[in-house]
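To start, the structure under review is shown below, and the notes come after it.
Values in this document were obtained by computation on a predicted structure and should not be read as measured data. We name chains A, B, ... by the order of the sequence lines, and we start the count at 1 in each one.
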Amino acid sequence: DAKTTQPNSMESNEEEPVHLPCNHSTISGTDYIHWYRQLPSQGPEYVIHGLTSNVNNRMASLAIAEDRKSSTLILHRATLRDAAVYYCILRRFTGGGNKLTFGTGTQLKVEL
Amino acid sequence: EPEVTQTPSHQVTQMGQEVILRCVPISNHLYFYWYRQILGQKVEFLVSFYNNEISEKSEIFDDQFSVERPDGSNFTLKIRSTKLEDSAMYFCASSRTSLPFYSPLHFGNGTRLTVT
């Protein structure tokens with residue numbers, strides 16, 4: 001599986017935008033970029049995914065570099081509830097159920 | 001919104017005992033997964049299951065582990081003879097299809113297994 005690199009931790013103030021970076025320089029053409037997050041004491045939660053174009057949903061936006069070697073998850077207005085570990089994961093269809101491989105992610109701290 | 005439910009939330013067992021962790025996936029989902037997370041470590045893939053058979057498993061998923069979908073709604077993980085190192089949070093997940101552009105995984109909130 002192609003590897004992703006994320007900062008170990010980031011801090012933000014409440015109601016400010018947060019940009020969470022992810023590098024994936026060995027991404028292949030069939031890899032989708034997925035973001036999940038894990039709130040304290042909960043299971044991982046899907047946030048957003050994309051292939052080449054930028055994507056928006058009710059939770060966040062995903063900005064994908066033109067060469068696809070990096071991406072950025074954007075939380076437009078961070079709240080205390082957004083404090084979580086954010087995982088950037090490449091997901092390739094392998095025909096067998098394509099598991100997610102989690103790294104260590106970015107621990108996001110949100111302060112008042 | 002439909003969700004994956006797991007029971008029990010916390011299970012304590014003695015080393016060598018068998019344990020069954022239970023999950024009810026989202027009803028129209030076809031793919032099922034078990035993951036585990038040892039305290040302070042990464043979320044690790046154990047097994048994926050589709051059409052009543054294992055589609056992929058990790059090195060962790062050895063002969064001590066088995067999965068079953070006994071009745072069309074539950075999905076279980078059995079550990080035959082628990083070891084201390086099996087202590088972890090176990091997460092069940094399901095997805096509607098395996099297509100990565102279409103179907104995210106939905107996770108339950110886990111069962112904390114403590115082996116003493």
Got a second to check how far [X]'s [atom1] is from [Y]'s [atom2], nearest 0.5 Å?
{"X": "A:Y46", "Y": "B:S103", "atom1": "OH", "atom2": "OG", "value": "9.5 Å"}
{"X": "A:K99", "Y": "B:E44", "atom1": "NZ", "atom2": "CD", "value": "12.0 Å"}
{"X": "B:E3", "Y": "A:E45", "atom1": "CD", "atom2": "CD", "value": "11.5 Å"}

Are [X] and [Y] connected, step by step, through hydrophobic side chains (Ile, Leu, Val, Met, Phe, Trp, Tyr) whose heavy atoms are closer than 4.5 Å?
{"X": "A:L73", "Y": "A:L39", "value": "no"}
{"X": "B:V24", "Y": "B:F91", "value": "no"}
{"X": "B:Y31", "Y": "B:F45", "value": "yes"}
{"X": "B:V47", "Y": "B:V43", "value": "no"}

Under 4.5 Å from any heavy atom of chain A, what part of B:F32 do you find: side chain, backbone, both or neither?
neither
Would you mind checking which part of B:Q41 comes under 4.5 Å of any heavy atom in chain A, side chain (CB onward), backbone (N, CA, C, O), both or neither?
neither
Yes or no on side-chain contact (heavy atoms from CB on, under 4.5 Å) for B:L105 and A:R91, after CA distance, side-chain angles and deciding distance?
CA-CA 11 Å; B:L105 270 64; A:R91 197 169 174 208; 3.2 Å; yes
Can you check whether B:P104 reaches A:Y36 side chain to side chain, under 4.5 Å on heavy atoms?
yes
Row check, A:F102 ring normal vs B:K42 NZ/CZ: under 6.0 Å, within 45°:
no
Heavy-atom count check: over 12 atoms from other residues, nucleotides or ligands less than 6.0 Å from [X] [atom1]?
{"X": "B:N28", "atom1": "CG", "result": "yes"}
{"X": "B:R80", "atom1": "CZ", "result": "yes"}
{"X": "B:D63", "atom1": "CG", "result": "no"}

Between B:Y33 and A:L100, is the side-chain contact (heavy atoms from CB on, under 4.5 Å) condition met? List the steps.
CA-CA 10 Å; B:Y33 311 80; A:L100 294 172; over 6 Å; no
Okay, side chain of B:N109, backbone of A:G43: is any donor-acceptor separation there less than 3.5 Å?
yes
